Structure formats: C-alpha cells, structure tokens
Amino acid sequence: MSLQVELEQHRNVLIVRLRGELDHHTADVVRFKMEDAILRGRCEHVVLSLKELQFMDSSGLGVILGRYKLIKSRGGRMVVCDIHPGVKRLFELSGLFKILSFYESERSALASLEVVS
C-alpha cells in the first residue's frame, strides 16, 4: 500500500491528512511536503489527521517528531486527531502523547488551537 498526503491551510494552521502507510519507503515524501508547507506558508500550528493512516513504523515517528521540533521552534503547536487504533498504540508506546495532544476530530483539534470555522 502507498501513502497519500493531503495538505490544507486553514487560517494559520496546516492540516495534514495521511492515508495508507507511513514507513521508511514513504517517510521522505511526508518530511519534504510538511517541511515545505511549514517553511513556505504562514502556518503557526499543525494538525495531524491520522484516521486513514493504517500503518506507521519508527521512520514515521521520526518524521513526526522532526516536524514537531520545527513547528515548536517557530513558536507553534502540533496536535493529533482522528487517529487509527493501530497507529494510536504506537504513539502510546513511543511516548509521543507526552508532547502531542490528542483530539477526537479535526474540529476539536482546530478549536484547541483557537481556530474555529
């Protein structure tokens, strides 16, 4: 299975929707697309929507952690929403939920960043 990356700018928030599998084969694509959007755009925060991300390995964790550090260094926040159960377990085991907040939906994630449509 491949990976689809959908990026949407909502005011000052970059919404990143991942579908498929985030592993060592697809990690560079996600890294490049997110970094390019963060550095070129006017985004202060990132919402990761992972409802349709069915698999992720340590390469994916590295990509997410790296983009978290980038957005944090710019004074922003990264939050996660709509996470697939298998991927959620990896987040729990890795300790990522200690630094990333989790929300049930994109709407609640946006609300947490005070960006409500």
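Fair warning: this is a prediction, and the values are worked out from it, not measured in the lab. Atom set for the values below is all heavy atoms of this structure, side chains included, hydrogens, waters and symmetry mates excluded.
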What's the spacing between [X] [atom1] and [Y] [atom2] if we round to 0.5 Å?
{"X": "E52", "Y": "L3", "atom1": "CD", "atom2": "CG", "value": "11.5 Å"}
{"X": "R31", "Y": "L22", "atom1": "CZ", "atom2": "CG", "value": "9.5 Å"}
{"X": "S73", "Y": "Y68", "atom1": "OG", "atom2": "OH", "value": "10.5 Å"}
{"X": "L96", "Y": "K88", "atom1": "CG", "atom2": "NZ", "value": "13.5 Å"}
{"X": "I99", "Y": "S94", "atom1": "CD1", "atom2": "OG", "value": "8.5 Å"}
{"X": "C81", "Y": "R107", "atom1": "SG", "atom2": "CZ", "value": "13.0 Å"}

Open item on the list: Is there a salt bridge (Lys or Arg N to Asp or Glu O under 4.0 Å) between K33 and D36? Walk through the geometry before answering.
Closed with: CA-CA 5 Å; K33 287 186 175 189; D36 186 56; over 6 Å; no
For [X] and [Y], which heavy atoms make the closest approach, and how far apart are they?
{"X": "D82", "Y": "E104", "value": "OD1-O, 2.5 Å"}
{"X": "A27", "Y": "S59", "value": "CB-CB, 4.0 Å"}
{"X": "L39", "Y": "R74", "value": "CD2-NH1, 3.4 Å"}

Task: Residue of the set E6, R19, E106, R17 for which side-chain hydrogen bond (donor to acceptor under 3.5 Å, both in side chains) holds with S49 - done: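 With S49 as partner, side-chain hydrogen bond (donor to acceptor under 3.5 Å, both in side chains) holds for just one option, E106.
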Should [X] and [Y] count as side-chain neighbours, where that means a heavy-atom distance under 4.5 Å?
{"X": "I83", "Y": "F91", "value": "yes"}
{"X": "E35", "Y": "L70", "value": "yes"}
{"X": "T26", "Y": "V5", "value": "no"}
{"X": "S101", "Y": "R77", "value": "yes"}

Task: Check: H45 side chain, M78 main-chain N or O, donor-acceptor pair, under 3.5 Å - done: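 Looks like no, no N/O pair under 3.5 Å.
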TODO: Ignoring hydrogens and angles, tell me if any N or O in the side chain of R67 forms a donor-acceptor pair with the backbone of V63 under 3.5 Å.
DONE: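 Confirmed, R67 side chain pairs with V63 backbone.
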Open item on the list: Quick check on F97: does its CZ atom have over 12 non-hydrogen neighbours (other residues, nucleotides or ligands) under 6.0 Å away?
Closed with: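 Correct, the count exceeds 12.
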TODO: Walk me through it: do I64 and L100 pass the test side chain to side chain contact (heavy atoms under 4.5 Å, CB included)?
DONE: CA-CA 10 Å; I64 291 171; L100 296 175; 4.0 Å; yes
Open item on the list: Could you see if F32 belongs to whatever hydrophobic cluster contains L53? Use Ile, Leu, Val, Met, Phe, Trp, Tyr and a side-chain cutoff under 4.5 Å.
Closed with: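 They do not share one cluster, since no chain of ILVMFWY contacts under 4.5 Å joins F32 to L53.
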- [ ] Check the pair V47 / Y103 against side chain to side chain contact (heavy atoms under 4.5 Å, CB included), numbers first and verdict last.
- [x] CA-CA 10 Å; V47 171; Y103 297 91; over 6 Å; no
Task: With sequence neighbours excluded, residues passing side-chain hydrogen bond (donor to acceptor under 3.5 Å, both in side chains) with E44 - done: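 Partners of E44 under the side-chain hydrogen bond (donor to acceptor under 3.5 Å, both in side chains) test: N12.
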Task: side-chain contact (heavy atoms from CB on, under 4.5 Å), paired with L7, selected from L14, V46, I15 - done: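 It is L14, the one option of L14, V46, I15 that forms the side-chain contact (heavy atoms from CB on, under 4.5 Å) with L7.
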Task: Intermediate values then yes/no, side chain to side chain contact (heavy atoms under 4.5 Å, CB included), L48 and M34 - done: CA-CA 10 Å; L48 281 177; M34 284 183 71; 4.1 Å; yes
- [ ] For the pair L61 and M56, evaluate side chain to side chain contact (heavy atoms under 4.5 Å, CB included) and give the outcome as yes or no after the intermediate values.
- [x] CA-CA 7 Å; L61 290 174; M56 183 170 72; 3.6 Å; yes
Open item on the list: The criterion is side-chain contact (heavy atoms from CB on, under 4.5 Å); which residues satisfy it with F55, sequence neighbours excluded?
Closed with: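 Residues passing side-chain contact (heavy atoms from CB on, under 4.5 Å) with F55: E21, D23, D57.
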